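Following: one structure in C-alpha coordinates, then a few remarks.
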Amino acid sequence: VKEARTANPNTILIDNGDTIQDNSSSLFLNDDVLPMIAGMNQIGYDTWTAGNHEFNYGVPLLEKAVSTFAGQFLLANVYKGEAVEANRLPGAQAYTIVEKDGVKVAIIGVVTPHITKWDSANLEGYTVTDPEIEVAAAAAKIRANNEADVVVVSFHASLGGEYEGLTDSAAKIAENVSGIDAIICGHEHSLINTVVNGVPILEPSRYGDYVSKITF
(Lines give C-alpha, C1' and ligand atoms only; values in the text may rest on other atoms or scores of the structure.)
Protein backbone atom coordinates (compact mmCIF):
# COMPACT_ATOMS: atom_id res chain seq x y z
CA VAL A 1 0.00 0.00 0.00
CA LYS A 2 2.85 2.38 0.80
CA GLU A 3 4.40 1.62 -2.60
CA ALA A 4 1.08 2.24 -4.35
CA ARG A 5 0.60 5.55 -2.56
CA THR A 6 4.14 6.61 -3.34
CA ALA A 7 3.61 5.84 -7.02
CA ASN A 8 0.16 7.40 -7.04
CA PRO A 9 -0.96 9.63 -4.16
CA ASN A 10 -4.52 9.41 -5.53
CA THR A 11 -4.77 5.79 -4.34
CA ILE A 12 -7.99 4.74 -2.59
CA LEU A 13 -7.89 1.74 -0.24
CA ILE A 14 -10.97 -0.47 0.20
CA ASP A 15 -11.67 -3.45 2.46
CA ASN A 16 -14.31 -5.90 1.22
CA GLY A 17 -15.28 -7.63 4.45
CA ASP A 18 -14.90 -10.83 6.46
CA THR A 19 -12.59 -8.70 8.52
CA ILE A 20 -13.36 -9.01 12.24
CA GLN A 21 -13.93 -12.78 12.51
CA ASP A 22 -11.38 -15.58 12.06
CA ASN A 23 -9.18 -17.91 14.10
CA SER A 24 -8.68 -16.65 17.67
CA SER A 25 -10.56 -13.41 16.98
CA SER A 26 -12.90 -14.20 19.89
CA LEU A 27 -9.99 -13.52 22.26
CA PHE A 28 -10.28 -9.80 21.49
CA LEU A 29 -14.05 -9.22 21.51
CA ASN A 30 -13.93 -7.18 24.70
CA ASP A 31 -11.08 -4.94 23.53
CA ASP A 32 -11.92 -1.27 23.05
CA VAL A 33 -10.71 -1.54 19.44
CA LEU A 34 -10.58 -4.89 17.66
CA PRO A 35 -7.12 -5.74 16.26
CA MET A 36 -8.24 -5.70 12.61
CA ILE A 37 -9.88 -2.29 13.03
CA ALA A 38 -6.72 -0.97 14.69
CA GLY A 39 -4.73 -2.32 11.76
CA MET A 40 -7.02 -0.81 9.13
CA ASN A 41 -6.92 2.54 10.90
CA GLN A 42 -3.12 2.44 11.01
CA ILE A 43 -2.87 1.58 7.30
CA GLY A 44 -5.52 4.16 6.41
CA TYR A 45 -8.41 2.37 4.74
CA ASP A 46 -10.91 4.71 3.09
CA THR A 47 -13.86 2.31 3.25
CA TRP A 48 -14.87 -1.02 4.74
CA THR A 49 -17.80 -3.08 3.46
CA ALA A 50 -19.43 -5.72 5.66
CA GLY A 51 -18.85 -9.36 4.78
CA ASN A 52 -21.11 -12.18 5.92
CA HIS A 53 -18.72 -13.06 8.76
CA GLU A 54 -19.12 -9.54 10.19
CA PHE A 55 -22.43 -10.79 11.61
CA ASN A 56 -21.08 -13.91 13.35
CA TYR A 57 -20.74 -12.23 16.74
CA GLY A 58 -24.00 -10.28 16.50
CA VAL A 59 -24.84 -6.82 15.24
CA PRO A 60 -23.96 -5.00 18.50
CA LEU A 61 -20.32 -6.09 18.19
CA LEU A 62 -20.29 -5.03 14.54
CA GLU A 63 -21.66 -1.64 15.53
CA LYS A 64 -18.92 -1.32 18.14
CA ALA A 65 -16.30 -2.12 15.51
CA VAL A 66 -17.83 0.39 13.09
CA SER A 67 -17.78 3.12 15.72
CA THR A 68 -13.99 2.74 16.04
CA PHE A 69 -13.23 2.57 12.31
CA ALA A 70 -11.62 5.77 11.02
CA GLY A 71 -12.86 5.33 7.44
CA GLN A 72 -16.41 5.00 6.13
CA PHE A 73 -18.35 1.79 6.76
CA LEU A 74 -20.53 0.82 3.76
CA LEU A 75 -23.65 -1.34 3.91
CA ALA A 76 -26.54 -0.48 1.61
CA ASN A 77 -28.74 -3.55 2.02
CA VAL A 78 -29.14 -4.23 5.76
CA TYR A 79 -31.66 -2.33 7.89
CA LYS A 80 -32.77 -2.54 11.50
CA GLY A 81 -36.48 -2.95 10.92
CA GLU A 82 -38.12 -1.52 7.82
CA ALA A 83 -35.92 -0.91 4.78
CA VAL A 84 -35.76 2.88 5.01
CA GLU A 85 -32.75 5.19 5.06
CA ALA A 86 -33.17 6.07 8.74
CA ASN A 87 -32.87 2.39 9.71
CA ARG A 88 -29.38 1.75 8.38
CA LEU A 89 -26.91 0.41 10.93
CA PRO A 90 -25.30 3.19 12.99
CA GLY A 91 -22.34 4.60 11.09
CA ALA A 92 -23.29 2.83 7.85
CA GLN A 93 -23.87 4.52 4.50
CA ALA A 94 -25.05 3.04 1.21
CA TYR A 95 -22.15 4.79 -0.51
CA THR A 96 -19.53 7.42 -0.02
CA ILE A 97 -17.67 9.81 -2.29
CA VAL A 98 -13.87 9.97 -2.13
CA GLU A 99 -12.30 12.85 -4.03
CA LYS A 100 -8.72 12.63 -5.27
CA ASP A 101 -7.14 15.48 -7.24
CA GLY A 102 -10.52 16.74 -8.39
CA VAL A 103 -11.83 13.31 -9.43
CA LYS A 104 -14.79 12.06 -7.42
CA VAL A 105 -15.07 8.31 -6.87
CA ALA A 106 -18.29 6.84 -5.50
CA ILE A 107 -18.00 3.55 -3.61
CA ILE A 108 -21.19 1.57 -3.00
CA GLY A 109 -21.11 -1.23 -0.40
CA VAL A 110 -23.35 -4.31 -0.26
CA VAL A 111 -23.19 -7.79 1.27
CA THR A 112 -24.56 -11.13 0.09
CA PRO A 113 -28.21 -11.30 1.16
CA HIS A 114 -27.78 -14.86 2.36
CA ILE A 115 -26.46 -13.69 5.71
CA THR A 116 -30.03 -14.48 6.75
CA LYS A 117 -29.29 -18.16 6.14
CA TRP A 118 -26.08 -18.27 8.15
CA ASP A 119 -26.74 -15.74 10.92
CA SER A 120 -30.53 -15.78 11.20
CA ALA A 121 -30.43 -15.69 15.00
CA ASN A 122 -28.28 -12.54 14.92
CA LEU A 123 -30.51 -10.85 12.35
CA GLU A 124 -33.95 -11.20 13.90
CA GLY A 125 -35.80 -7.93 13.33
CA TYR A 126 -33.46 -6.87 10.54
CA THR A 127 -34.34 -6.52 6.85
CA VAL A 128 -31.86 -7.62 4.20
CA THR A 129 -32.67 -6.39 0.70
CA ASP A 130 -31.54 -7.42 -2.78
CA PRO A 131 -28.07 -5.97 -3.48
CA GLU A 132 -28.85 -5.48 -7.16
CA ILE A 133 -31.80 -3.23 -6.34
CA GLU A 134 -29.74 -1.22 -3.85
CA VAL A 135 -26.77 -0.84 -6.21
CA ALA A 136 -29.02 0.15 -9.12
CA ALA A 137 -30.75 2.80 -7.00
CA ALA A 138 -27.49 4.20 -5.65
CA ALA A 139 -25.78 4.23 -9.06
CA ALA A 140 -28.77 5.91 -10.69
CA LYS A 141 -28.84 8.59 -7.98
CA ILE A 142 -25.10 9.20 -8.21
CA ARG A 143 -25.18 9.52 -12.00
CA ALA A 144 -28.38 11.59 -12.14
CA ASN A 145 -27.02 14.10 -9.63
CA ASN A 146 -23.51 14.06 -11.10
CA GLU A 147 -22.11 13.20 -7.68
CA ALA A 148 -19.12 11.26 -8.99
CA ASP A 149 -16.97 10.67 -12.05
CA VAL A 150 -16.31 7.01 -11.24
CA VAL A 151 -18.61 4.45 -9.57
CA VAL A 152 -17.13 1.39 -7.86
CA VAL A 153 -19.15 -1.35 -6.17
CA SER A 154 -17.69 -3.20 -3.20
CA PHE A 155 -19.89 -6.32 -3.12
CA HIS A 156 -19.07 -9.03 -0.60
CA ALA A 157 -20.40 -11.91 -2.68
CA SER A 158 -19.04 -14.45 -5.10
CA LEU A 159 -18.56 -13.92 -8.82
CA GLY A 160 -21.23 -16.39 -9.90
CA GLY A 161 -23.49 -16.71 -6.87
CA GLU A 162 -24.54 -19.60 -4.64
CA TYR A 163 -28.32 -19.63 -4.33
CA GLU A 164 -31.46 -18.76 -6.27
CA GLY A 165 -33.46 -15.68 -5.36
CA LEU A 166 -31.89 -12.44 -4.20
CA THR A 167 -28.78 -11.39 -6.11
CA ASP A 168 -25.58 -12.90 -4.71
CA SER A 169 -23.49 -12.69 -7.89
CA ALA A 170 -21.07 -9.90 -8.77
CA ALA A 171 -21.36 -10.92 -12.44
CA LYS A 172 -25.13 -10.31 -12.37
CA ILE A 173 -24.59 -6.83 -10.97
CA ALA A 174 -22.17 -6.11 -13.83
CA GLU A 175 -24.62 -7.49 -16.39
CA ASN A 176 -27.77 -5.81 -15.09
CA VAL A 177 -26.79 -2.46 -13.56
CA SER A 178 -25.67 0.46 -15.70
CA GLY A 179 -23.34 3.23 -14.63
CA ILE A 180 -20.79 1.03 -12.84
CA ASP A 181 -17.07 1.23 -13.63
CA ALA A 182 -15.70 -1.64 -11.51
CA ILE A 183 -16.66 -4.22 -8.89
CA ILE A 184 -14.61 -5.56 -6.02
CA CYS A 185 -16.04 -8.88 -4.86
CA GLY A 186 -15.28 -11.28 -2.02
CA HIS A 187 -16.79 -14.25 -0.20
CA GLU A 188 -15.17 -16.95 -2.37
CA HIS A 189 -11.74 -15.99 -1.04
CA SER A 190 -10.39 -16.66 -4.53
CA LEU A 191 -8.07 -14.74 -6.81
CA ILE A 192 -10.30 -13.18 -9.48
CA ASN A 193 -9.34 -10.75 -12.22
CA THR A 194 -11.92 -10.70 -14.99
CA VAL A 195 -14.23 -8.46 -17.00
CA VAL A 196 -18.00 -8.93 -17.30
CA ASN A 197 -20.06 -6.71 -19.61
CA GLY A 198 -17.15 -4.29 -19.80
CA VAL A 199 -16.88 -4.04 -16.00
CA PRO A 200 -13.63 -5.17 -14.32
CA ILE A 201 -14.29 -7.52 -11.38
CA LEU A 202 -11.52 -8.31 -8.91
CA GLU A 203 -11.09 -10.33 -5.73
CA PRO A 204 -7.78 -10.50 -3.80
CA SER A 205 -7.87 -14.11 -2.58
CA ARG A 206 -7.48 -14.53 1.21
CA TYR A 207 -5.15 -14.08 4.20
CA GLY A 208 -3.83 -10.81 2.81
CA ASP A 209 -1.93 -12.73 0.15
CA TYR A 210 -2.77 -10.13 -2.51
CA VAL A 211 -3.99 -6.59 -2.98
CA SER A 212 -6.21 -6.08 -6.02
CA LYS A 213 -5.44 -2.94 -8.00
CA ILE A 214 -7.69 -1.05 -10.41
CA THR A 215 -6.31 1.94 -12.28
CA PHE A 216 -8.68 4.52 -13.78
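The shown structure was predicted, so the numbers you read here are calculated from the model rather than taken from an experiment. In this chain, residues are counted from 1 in sequence order.
- The nearest pair of heavy atoms linking Phe73 to Thr49 is CE1-C, 4.4 Å.
- In this structure, OG on Ser154 lies 10.5 Å from CG on Leu75, to the nearest 0.5 angstrom.
- Counting side-chain heavy-atom gaps under 4.5 Å among Ile, Leu, Val, Met, Phe, Trp and Tyr, Tyr207 is found in no cluster with other residues.
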Show me, pair by pair, the donor-acceptor contacts under 3.5 angstrom made by side chains of residues 35-45, not counting sequence neighbours?
from  : atom 1 : to    : atom 2 : distance (Å)
Asn41 : OD1    : Ala70 : N      : 2.8
Asn41 : ND2    : Ile37 : O      : 3.4
Asn41 : ND2    : Thr68 : O      : 2.9

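- Counting heavy atoms of neighbouring residues, nucleotides and ligands inside a 6.0 Å radius, atom CG of Asp32 does not exceed 12 of them.
- To the nearest 0.5 angstrom, Ser67 atom OG is 10.0 Å from Leu62 atom CG.
- Between the side chains of Asn56 and Asp119, a donor-acceptor pair is found at a separation under 3.5 Å.
- For the pair Lys64 (side chain) and Leu34 (backbone), a donor-acceptor distance under 3.5 Å is absent.
- Cluster annotation: Tyr210 is not connected to Ile14 through the hydrophobic network of ILVMFWY side chains, with a link wherever side-chain heavy atoms come within less than 4.5 Å.
- Atom CG in Asn52 sits 9.0 Å away from atom CD in Gln21 (nearest 0.5 Å).
- Distance check, rounded to the nearest 0.5 Å: CG of Asp46 to CD of Gln72 gives 10.5 Å.
- Annotation for Asp209: atom CG counts as buried by contact number, over 12 foreign heavy atoms lying within 6.0 Å.
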Would you tabulate the side-chain donor-acceptor contacts of residues 95-109 under 3.5 Å, counting partners in other chains and residues two or more places apart, or write 'none'?
from  : atom 1 : to     : atom 2 : distance (Å)
Tyr95 : OH     : Lys141 : NZ     : 2.6
Tyr95 : OH     : Glu147 : OE1    : 2.8
Tyr95 : OH     : Glu147 : OE2    : 3.1

